[in-house]
Amino acid sequence: MPLVVQKYGGTSVGDADRIRAVADHVARTRREGKDVVVVVSAMGKTTDDLIRLADEVSSVQPPREYDMLVSAGERISTALLCMALADLGVAASSFTGSQAGIVTDTDHTKAKIVEIRATRLTEALAEGKVPVVAGFQGVSTERDVTTLGRGASDLTAVALAAVLGAAACEIYTDVTGVFSADPRVVPDAHRLGRVSFEEMLEISAAGGQVLQLRSAEFARNHHVPLQVRSSFTWEPGTWIVEEDASMEQAVVTAVIHTTSQAKVTVSGVPDRPGIAARLFRALADRSVNVDDVVQNTSVHGTTDISFTVPRTDLQTAVDVAEALSGELGATAVHSDRGVAKVSVIGAGMRSHPGVTATMFETLAGEGINIDMISTSTIRISCVVRGDDVERAVRALHGAFELA
Ligand code: ADP
Ligand code: ASP
Ligand code: MG
């Protein structure tokens, strides 16, 4: 029987009715003659609630304990979904990440998968059962529970689809696919029928949360057929595919934004070799994911280095920069939580000059100041004030005629 991996996000399993609707769909998929492995997220905002609870209890959160706490949300969803399936006469067994054989490194809160020993899942399938796996978690080589980073139930699903040789990995969420912009911000955004992996990676990296970045990377590297679709309407959705010559190459495919970043500026550092290397090595050693970096041209032998990081890494980044500022000879370290980033993405950009100019003109027309700029061959990103970003997205979506 062909196997599909179906992943259901937080809203899709947000309450009892939603869980029963998901069970219905799993049962229907079985009746179509397919084997199913299900991956679930925590119900609704459970993960956020657990993190808030931890913040209320203590400012000291040992990463091992953080992972033990936040992995609990997914575990609840697995058991409830198995009960809902039992009610429909479908045999199912719940598995934590550890029980599913997802072995990770020891980098708590953002662990990397090192191996998957999926024997318990293949045994359950052989017994005619539906394995229901808790997303976002694994067990470390030190045998502690780990989590794989926010949004990483997508990664659990794609990784299981790869090792189990699934015919498809279906990511069920609360929108009908990948859109030309976040449909919550741009009501006339359109759903993309197909997106190339290259564009999807840029969309995810730019902060389009519909598909987690590492899951998109994993799917591309392991050739997992991947689809994003709705658990509310069940309509076909968006396929993420290898780019081929038949694909229409829109100049701009999507306008993506994120408000989950912050900016750090290290001012007055001497302009000599090794300074940036020292700073960014120290940040990497603390697992801080640096996104954009800007260094000004030096005036009088000193310069400012600014970089953006996920807001969740801001405190660590500031601590690292402050601890090094004496050694680097910096005059100050500033942080700014009020930034956001807007990106335009499109494979056709490679062969169409002028996208950058149109982007800057559009932002200028809105009176929006650009703080930092970064580009790849198919993406242009601008860091702007957080208060301006939704206006920027709507203006750019209109300017590139994506409606
Ligand atoms: P889940 O809990 O199912 O994993 P997420 O909240 O992680 O869902 O991702 C779905 C959300 O992503 C949507 O509700 C939508 O607001 C947001 N989103 C942002 N950018 C896009 C985009 N370009 N296309 C579709 N959804 C997007
Ligand atoms: N529940 C986790 C989170 O909120 C993982 C996921 O939903 O993918 O980040
Ligand atoms: Mg998600």
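Computed from heavy atoms alone, side chains included, the values below leave out hydrogens, waters and symmetry copies. We number each residue from 1, following the sequence as shown. In each ligand, atom 1 is the first atom listed, and ligand 1 is the first ligand listed.
Among protein heavy atoms, the minimum distance from atom 4 (O) of ligand 1 is reached at K7 NZ, 3.0 Å. Regarding atom 25 (C) of ligand 1, its nearest protein heavy-atom neighbour is G177 O, 3.3 Å. Of all protein heavy atoms, the one lying nearest to atom 8 (O) of ligand 1 is T173 OG1, 3.1 Å. Atom 6 (C) of ligand 2 has as its closest protein heavy atom S153 OG, 3.4 Å. When hydrogens are left out, the protein atom nearest atom 2 (O) of ligand 1 is G10 N, 3.2 Å; that is the closest non-hydrogen contact. Distance from atom 14 (O) of ligand 1 to its nearest protein heavy atom, with residue and atom name: R184 NH2, 2.5 Å.
Not a single heavy atom of G151 sits closer than 4.0 Å to an atom of ligand 1. At a 4.0 Å cut-off, not a single heavy atom of G207 sits close enough to ligand 1 to count as contact. For the ligand labelled ligand 1, residue S41 lies outside the 4.0 Å heavy-atom shell. Judged by the shortest distance from any of its heavy atoms, G151 lies inside the 4.0 Å radius around the atoms of ligand 2. Note on ligand 2: A152 sits in its first shell, one or more heavy atoms being nearer than 4.0 Å.
Scanning both residues, A181 and H397, for their nearest heavy atoms gives CB-CD2, 3.6 Å.
Near S41, with a cut-off below 4.0 Å to any heavy atom, the atoms of ligand 2 are 6 (C), 7 (O), 8 (O). Residue R150 has at least one heavy-atom neighbour below 4.0 Å for each of these atoms of ligand 2: 3 (C), 4 (O), 9 (O). If you number the atoms of ligand 1 from 1 as listed, the ones under 4.0 Å from a heavy atom of V178 come out as 24 (N). Residue contact check: A181 has heavy atoms under 4.0 Å from atoms 22 (C), 23 (N) of ligand 1. Within ligand 1, counting atoms from 1 as listed, the ones closer than 4.0 Å to a heavy atom of P183 are 25 (C), 26 (N), 27 (C).
A salt bridge does not link D105 to K112: none of the charged side-chain nitrogens sits closer than 4.0 Å to a carboxylate oxygen. Ion pairing of R229 with E235 is absent here, as no side-chain N (NZ or NE/NH1/NH2) approaches a carboxylate O to less than 4.0 Å. A salt bridge does not link R30 to E32: none of the charged side-chain nitrogens sits closer than 4.0 Å to a carboxylate oxygen. For the pair D67 and K110, the salt-bridge criterion is not met [side-chain N within less than 4.0 Å of a carboxylate O]. Between R391 and D388, at least one side-chain N (NZ, or NE/NH1/NH2) sits under 4.0 Å from a carboxylate O, which counts as a salt bridge. Between R286 and D319, none of the side-chain N atoms (NZ, or NE/NH1/NH2) sits under 4.0 Å from a carboxylate O, so this pair counts as no salt bridge.
Where the criterion is an N or O separation shorter than 3.5 Å, residue side chain and backbone included, F179 meets it with respect to ligand 1. Considering backbone and side-chain N/O of F136, none are found under 3.5 Å from N/O of ligand 2. For ligand 1, one of its N or O atoms has an N or O atom of D174 under 3.5 Å away.
Residues Q295 and D304 fail the side-chain proximity criterion, which asks for heavy atoms closer than 4.5 Å. Between T173 and K7 there is no side-chain heavy-atom pair separated by less than 4.5 Å. Side-chain contact check for V133 versus T78: every heavy-atom pair is 4.5 Å or farther apart.
For the pairing with R20, the side-chain contact (heavy atoms from CB on, under 4.5 Å) check across V22, D17, D24 returns one residue only, D17.
Note that R18 lies in the cation-pi zone of F232, set by a 6.0 Å cut-off to the ring centre and a 45° limit from the axis.
Of all the listed residues (V13, D182, I345), D182 holds the heavy atom that lies closest to atom 21 (C) of ligand 1. For atom 2 (C) of ligand 2, the choice among K7, E74, M43 with the nearest heavy atom turns out to be E74. With atom 9 (O) of ligand 1 as the reference point, the heavy atom nearest to it among Q212, Q209, K45 is part of Q209.
Residue contacts with ligand 1 for V210 involve both N, CA, C or O and side-chain atoms from C-beta outward (heavy atoms, distance under 4.0 Å). Residue contacts with ligand 1 for I256 involve side-chain atoms from C-beta outward but no N, CA, C or O (heavy atoms, distance under 4.0 Å). Residue-level proximity to ligand 1 for H257 is absent, since no heavy atom of it falls below 4.0 angstrom.
Classified by interplanar angle (parallel below 30°, tilted 30° to 60°, perpendicular above 60°), the ring pair W234/H25 is parallel.
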Q. After noting the C-alpha distance and the side-chain angles of D291 and K263, does the key distance pass the salt bridge (Lys or Arg N to Asp or Glu O under 4.0 Å) rule?
A. CA-CA 10 Å; D291 192 10; K263 185 176 80 165; over 6 Å; no
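Within 6.0 Å of atom CZ in R350, more than 12 heavy atoms from other residues, nucleotides or ligands are found, so the atom counts as buried in its surroundings.
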